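Below: one structure, written as structure tokens.
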There are 2 protein chains.
Amino acid sequence: MADDRLDTRSHIRATALRLFRDRGYAATTMRAIAEEAGVATGNAYYHFASKDHLVQELYLDVNRDHAARVRATLDAGGDLTSRLRAVLLASVDAFGDYHAFGSEFVTVAIRPGSAASPFSPASAEARELSQALYREVVDGATPAVPEALRGELPELLWLAQLGVTLFWVHDGSPGARRTRALVEGAAPLVGRLVRLSRLPVLRGAVDDLLGLVRTVRA
Amino acid sequence: MADDRLDTRSHIRATALRLFRDRGYAATTMRAIAEEAGVATGNAYYHFASKDHLVQELYLDVNRDHAARVRATLDAGGDLTSRLRAVLLASVDAFGDYHAFGSEFVTVAIRPGSAASPFSPASAEARELSQALYREVVDGATPAVPEALRGELPELLWLAQLGVTLFWVHDGSPGARRTRALVEGAAPLVGRLVRLSRLPVLRGAVDDLLGLVRTVRA
DNA sequence: GCCACCTCTTGAACATGTTCAACTGAACAT
DNA sequence: ATGTTCAGTTGAACATGTTCAAGAGGTGGC
């Protein structure tokens with residue numbers, strides 16, 4: 001019962017994540033986590049401010065998994081479309097273990113006040129990990145992404161991943177088929193648009209978009 | 001206490017919506033709604049399956065308000081950009097009353113299983129009301145929107161509104177300034193892209209996009 | 001009149017996230 | 001040794017969404 005217990009905090013963390021994976025969010029009560037970890041309910045709250053904070057730990061795990069899955073692809077080069085496609089599909093895979101309860105978890109994540117929100121301070125580590133992947137997607141692409149886009153594109157692609165995840169949540173198809181179809185279609189479209197962005201006719205639209213992104217970010 | 005009480009159901013509904021508006025989602029307990037309405041707690045559950053279903057009623061109200069706000073604009077004609085801009089800004093205004101608690105409500109709405117989700121069967125009336133507005137935005141625009149886009153664009157714009165709302169939720173700026181800036185920038189960008197979509201160079205990208213939309217919708 | 005049925009209503013009971021006052025025990029100062 | 005402090009721990013208590021067995025009251029059949 002106290003074998004792998006380096007310290008109480010990480011023991012509770014590990015217990016919670018296991019239960020989340022096995023039972024989902026709602027079915028994993030704080031009492032169950034505490035009991036399974038062999039501590040009192042209140043103790044879990046001493047180490048984690050809320051259930052959301054435990055979910056946030058789960059997101060961190062998923063993001064680490066995602067990063068590990070795409071390491072080889074990112075190092076291998078390739079064009080923007082194939083890199084983006086691979087990274088987005090890998091994110092679907094990384095979430096795959098939680099597919100049954102995916103909607104529950106993303107629900108928690110989208111709550112603006114939630115610690116598990118991708119925008120929350122508590123998620124900073126997971127967010128930066130994930131955003132770094134898309135920076136690599138862009139910077140390592142050959143042929144190179146046009147200079148003008150290189151600054152903002154990674155963040156836009158990261159947002160696109162959040163969109164894909166949101167879609168995935170509502171996607172009841174087996175094996176997330178529809179979500180994968182979305183990625184298969186969207187990645188080449190992004191690649192094509194990035195290539196087209198060099199054309200003079202599109203210069204205005206591209207400038208508008210970049211200006212909008214910069215304005216809105218502040 | 002029983003003055004304006006046509007029937008219990010609508011009395012509970014009205015009471016709940018008032019409390020939601022005044023106190024927000026979390027602070028409005030089912031007990032408070034029932035007590036304020038002068039019925040037992042369980043009675044509220046007889047008429048509304050869950051608290052989410054009451055929130056869904058609130059969304060219906062907001063959507064009706066939105067539709068009323070844009071009636072004149074839609075009847076007046078104008079180009080796509082100005083029509084889209086007006087309708088999106090009006091949606092920000094319609095949600096304005098709930099700005100303080102906006103994040104709470106949208107949180108509820110985004111939960112996939114939730115009755116308040118824009119995609120839920122329970123929200124069908126609100127959804128169709130809202131989607132119809134964007135069909136009008138597109139169909140009533142002069143110069144006319146290219147034939148090829150007229151089918152899918154309304155739904156895409158409706159999704160864009162959901163995106164704007166999601167942004168608004170995370171937008172802490174006074175008067176939702178950043179959200180309005182997003183709309184002010186995005187509407188002309190959409191207008192410009194729709195105009196450009198006629199160009200032969202973009203034909204491929206447009207076809208890809210439309211194909212993607214059709215594939216993914218199923 | 002009486003019974004069966006059905007809609008509507010009640011309020012106690014339940015499960016769960018969260019809080020909190022009290023307790024433990026180790027580290028440290030005197 | 002003794003006292004002090006404080007991070008860590010406990011479990012009962014609380015608030016709230018939700019459920020449910022019980023009943024009220026009306027309507028129609030006989």
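Residue numbers begin at 1 in each chain, while the letters A, B, ... track the order of the sequences. Because the structure is a prediction, the values reported are computed rather than measured.
- Nucleotide D/dA15 holds its P atom 14 Å from the CD atom of B/E35, rounded to whole Å.
- Where A/A27 and A/A49 each meet DNA chain C at their nearest nucleotide, the meeting point lying more 5' is that of A/A27.
- Using a 4.0 Å cut-off between charged side-chain N and carboxylate O, A/R64 and A/E125 make a salt bridge.
- Under the 6.0 Å cut-off for aromatic ring centres, A/F105 and A/F95 do not qualify, their centroids lying 6.0 Å or more apart.
- Residue A/N43 places none of its side-chain N or O atoms closer than 4.0 Å to OP1 or OP2 of D/dG8.
- Atom-to-atom distance recorded for A/R23:CZ and A/R18:CZ is 8.0 Å, nearest 0.5 angstrom.
- Using bins of under 30°, 30° to 60° and over 60° for the plane-to-plane angle, the ring pair B/F119/B/W158 lands in the perpendicular bin.
- Applying the 4.0 Å criterion to OP1 and OP2 of D/dT9, one finds that A/T8 has a side-chain N or O inside that range.
- The separation between B/Y45 atom OH and C/dA13 atom C1' is 14 Å, rounded to whole Å.
- Whole-Å rounding puts the B/R31 CZ to D/dA15 P distance at 10 Å.
- For the segment residues 50-60 of chain B, residues with any heavy atom less than 4.0 angstrom from an atom of DNA chain D are, sorted by number, B/S50, B/K51.
- Atoms CE (B/M30) and P (C/dT16) sit 19 Å apart, rounded to a whole Å.
- What separates CD1 of A/I12 from P of D/dT10 is a distance of 9 Å, to the nearest Å.
- Between B/T41 and A/A40, it is A/A40 whose nearest contact on DNA chain D lies nearer the 5' terminus.
- With rounding to whole Å, B/I33 atom CD1 is found 13 Å from D/dT18 atom C1'.
- In this structure, CZ of A/F48 is placed 14 Å from P of C/dT18, rounded to the nearest angstrom.
- Atoms CD and OG1, on A/E35 and A/T15 in that order, are 11.5 Å from each other to the nearest 0.5 Å.
- Between A/H47 and D/dA7, a side-chain N or O to OP1/OP2 separation shorter than 4.0 Å is absent.
- Atom CZ of B/R83 sits in a crowded spot, with more than 12 heavy atoms from other residues, nucleotides or ligands closer than 6.0 Å.
- Both distances falling under 3.5 Å, in either a Watson-Crick or a G-U wobble arrangement, place C/dG1 opposite D/dC30.
- Counting only N and O atoms by type, the side chains of B/H53 and B/S50 include a donor and acceptor under 3.5 Å apart.
- Residue B/Y46 has a polar side-chain atom (N or O) positioned under 4.0 Å from OP1 or OP2 of C/dC8.
- Counting to the nearest Å, the C1' atom of D/dT16 and the OH atom of B/Y25 are 11 Å from each other.
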